Amino acid sequence: GDIYINDAFSCSHRSHASVEGITKYMPSYFGLQITEEINALKKITSEIEKPVSLIIGGSKISTKIKIINNLIKKFNNIIIVGGMGNTMLKHTGSNIGRSICENECGSLIKEILKDRYRSLVLIIGLMILTGIVQATSVLGLMPIVDFVINQDQQEHNEITQVIANTLYQYNIPVNILSLGILYLCLVLIRSSTLALQKYVTTKTIFSIMKQMIFGLYESFLNTSWSFFGTKEYGTLANTLVKETEKASIGFESLAQMIASSVSILFYFFLLLFLSWQLSLLVLLLTIILFSPSVLLNKYVYSVRKRHTEASNNFQGRMNDTLNALKLITGYSKKQDTLKELKPSVNTVAKTSVQFTMVRVLFSQLGEPVAVFLVVISVVIGLNYLNMGIAELIAFLYSINRLSVESQSFITQRNNIFASLPSFEQINALKIESESSQESLDGKSIELFKRGIFVENLSFSYDGEQVLYDINLEVP
């Protein structure tokens with residue numbers, strides 16, 4: 001053909017060969033259908049007549065946030081449907097089941113993790129090393145127990161004999177003192193690696209917190225006035241001050257959960273080494289006893305979601321109250337002001353108590369679970385598996401540590417779910433503020449020779465001009 005006509009409006013944004021590539025090789029035009037689409041769009045842009053409502057749908061709200069932000073001031077109502085509507089419902093605490101939904105905090109978390117990948121690799125490496133040392137240090141108990149209860153070295157278990165032979169090779173006497181020093185050295189190595197891991201983790205988390213605060217603050221400074229026109233002060237202030245801190249705690253909980261996972265893995269390997277039959281029974285019982293905790297994740301998320309929304313409202317009302325304190329006192333509006341503050345304060349207090357009680361519940365769960373597993377292991381280990389005393393003590397110690405780390409894993413997992421509303425609010429505000437940034441292409445004025453003169457200036461508000469033909473002169 002001699003010319004190319006594009007009449008597919010819905011595909012015109014794609015950089016495909018049949019849409020964009022062909023225009024480089026022959027004269028190209030759009031057809032009558034696209035003309036009709038453009039004329040229809042004018043009715044909701046330059047030629048809009050109010051009152052008017054807009055229905056907008058799609059799967060990802062992040063790809064349409066710029067459009068929504070630009071259209072907010074043009075319409076009386078905006079109705080969001082489809083996958084975008086599900087995302088909005090989810091962030092208001094509604095249950096959307098398996099419906100399509102965009103996880104808004106994902107991009108923020110990926111961006112932060114990408115910028116800190118070296119530190120994350122180091123942290124994970126230290127966690128693995130700590131897990132290995134923790135599990136290995138348990139074996140240091142077995143020779144001490146064997147030497148206390150068995151004077152005949154021929155009756156010692158294989159692990160004790162291997163450790164004793166190794167000490168003999170280096171001309172080190174094998175007795176309670178030398179074995180105690182060996183165990184002490186293992187404990188010191190374990191504590192040192194754990195302290196190093198905590199230091200690197202804490203340093204990385206505070207670096208992430210600083211990055212989130214400055215990144216969010218910078219996006220607020222560079223955004224347009226239209227962004228602030230649609231946001232409450234309390235939401236912005238609470239996000240910068242409190243929600244960034246909660247998100248940082250979420251990262252800390254993630255690090256501790258990974259550390260607990262590594263420790264659980266190595267302790268379980270140690271249990272398998274000591275008695276695989278009893279280890280499988282312990283694993284099954286642990287899963288059964290701790291499984292109800294999974295059901296509380298959604299509850300924790302909904303509680304913290306309400307807490308975040310109430311904190312936004314509380315911050316805004318407190319700021320308004322402090323700014324207008326003289327007027328409130330002068331016009332005797334104290335009781336009305338307290339009445340307005342009371343609902344948000346009550347919600348913050350109630351959700352704080354609910355979340356605290358969940359944490360208390362699981363902090364008390366580990367000990368009874370550990371006692372139950374220890375009793376079962378003693379009965380089966382002695383009566384059915386004929387385990388030696390030294391092996392059984394090492395097994396019981398490992399069960400105790402396994403229960404502690406499992407409890408920590410569950411607690412930190414709940415903390416992560418509690419921090420998700422903070423991540424979502426931070427990321428949503430960051431995306432929206434960055435999508436409506438002011439232009440940075442202006443020129444700086446280095447010197448005034450005469451003054452500033454502005455002619456024929458006009459101002460508009462909410463799409464309507466309110467002032468016309470203003471002339472300003474600054475000598």
Side-chain angles (χ1 to χ4, degrees), residues 122 124-201 259-279 282 366-367 370-371 373-406 408:
L122 176 59
I124 293 174
L126 288 172
M127 287 177 179
I128 294 174
L129 178 60
T130 302
I132 293 174
V133 174
Q134 283 180 330
T136 304
S137 64
V138 178
L139 299 178
L141 281 174
M142 297 178 65
I144 297 176
V145 175
D146 263 336
F147 269 78
V148 170
I149 63 176
N150 292 322
Q151 298 299 322
D152 186 0
Q153 296 186 10
Q154 300 299 322
E155 296 181 4
H156 292 171
N157 64 69
E158 295 181 3
I159 295 176
T160 301
Q161 293 179 10
V162 169
I163 294 175
N165 291 334
T166 302
L167 293 177
Y168 284 136
Q169 288 179 0
Y170 292 95
N171 297 319
I172 299 175
V174 180
N175 50 44
I176 295 294
L177 178 61
S178 61
L179 294 175
I181 293 174
L182 174 63
Y183 181 64
L184 177 62
C185 291
L186 291 174
V187 171
L188 290 175
I189 294 173
R190 179 188 66 189
S191 301
S192 299
T193 54
L194 182 60
L196 180 60
Q197 174 222 311
K198 292 288 186 182
Y199 168 75
V200 176
T201 302
S260 295
S261 302
V262 174
S263 297
I264 289 171
L265 184 64
F266 282 106
Y267 277 123
F268 184 69
F269 283 156
L270 178 60
L271 292 178
L272 287 173
F273 176 75
L274 295 172
S275 173
W276 67 268
Q277 302 99 322
L278 196 53
S279 298
V282 168
E367 186 174 356
V371 171
L373 294 176
V374 164
V375 172
I376 294 295
S377 300
V378 169
V379 173
I380 296 178
L382 291 178
N383 297 330
Y384 298 97
L385 299 178
N386 297 321
M387 294 179 66
I389 297 298
E391 292 175 316
L392 186 59
I393 290 176
F395 194 93
L396 298 180
Y397 180 84
S398 299
I399 285 179
N400 180 65
R401 296 305 309 166
L402 187 67
S403 298
V404 171
E405 296 297 343
S406 298
S408 175

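Small disclaimer: the values here were computed from a predicted structure and weren't measured.
The two residues Ala164 and Val174 have their closest heavy-atom pair at O-CG2, 3.7 Å. Between Glu391 and Leu274, the shortest heavy-atom distance links the atoms O-CD1, 4.2 Å. The shortest heavy-atom contact between Gln197 and Thr130 is OE1-OG1, 3.6 Å. Heavy atoms only, all atoms of each residue included: Leu272 and Ser279 are closest at N-OG, 3.1 Å. Closest approach of Ala390 to Val145, counting heavy atoms only: CA-CG1, 3.8 Å.
The side chain to side chain donor-acceptor pair (under 3.5 Å) check on Ser377 picks up nothing, with sequence neighbours excluded. Residues forming a ring pair (Phe, Tyr, Trp, His ring centres under 6.0 Å) with Phe147 (at least two apart in sequence, or on another chain): His156. With sequence neighbours excluded, the residues satisfying side chain to side chain contact (heavy atoms under 4.5 Å, CB included) with Tyr384 are Ile380.
The structure places OH of Tyr183 at 13.5 Å from CD1 of Ile176, a figure rounded to the nearest 0.5 Å. A distance of 10.5 Å separates OG in Ser192 from CG in Leu129, rounded to the nearest 0.5 Å. Between atom CG of residue Leu265 and atom CG of residue Leu270 there is a gap of 11.5 Å, rounded to the nearest 0.5 Å. Note that CG of Leu392 and CE of Met142 are 10.0 Å apart. Values are rounded to the nearest 0.5 Å. From Ser191, atom OG reaches atom CG of Leu196 across 12.5 Å, with rounding to the nearest 0.5 Å. Residue Ile149 holds its CD1 atom at 12.5 Å from CD1 of Ile144, rounded to the nearest 0.5 Å.
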Where do Asn400 and Ser403 land on the side-chain hydrogen bond (donor to acceptor under 3.5 Å, both in side chains) test, with the steps shown first?
-> CA-CA 5 Å; Asn400 180 65; Ser403 298; over 6 Å; no

Check the pair Val133 / Leu186 against side-chain contact (heavy atoms from CB on, under 4.5 Å), numbers first and verdict last.
-> CA-CA 7 Å; Val133 174; Leu186 291 174; 5.8 Å; no

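Tested against Leu179, the residues Val148, Leu184, Leu167, Ile172 include a single side chain to side chain contact (heavy atoms under 4.5 Å, CB included) partner, Leu167.
Without hydrogens or angle criteria, Ser398 side chain to Leu271 main chain gives no donor-acceptor distance under 3.5 Å. The backbone N or O of Val162 sits less than 3.5 Å from a side-chain atom of Thr166, completing a donor-acceptor pair.
Atom CZ of Phe273 is surrounded by 12 or fewer heavy atoms from other residues, nucleotides or ligands within 6.0 Å. Within a 6.0 Å sphere centred on CZ of Phe269, other residues, nucleotides and ligands contribute 12 heavy atoms or fewer.
Considering only heavy atoms from C-beta on, Val282 stays 4.5 Å or farther from Phe268 through its side chain.
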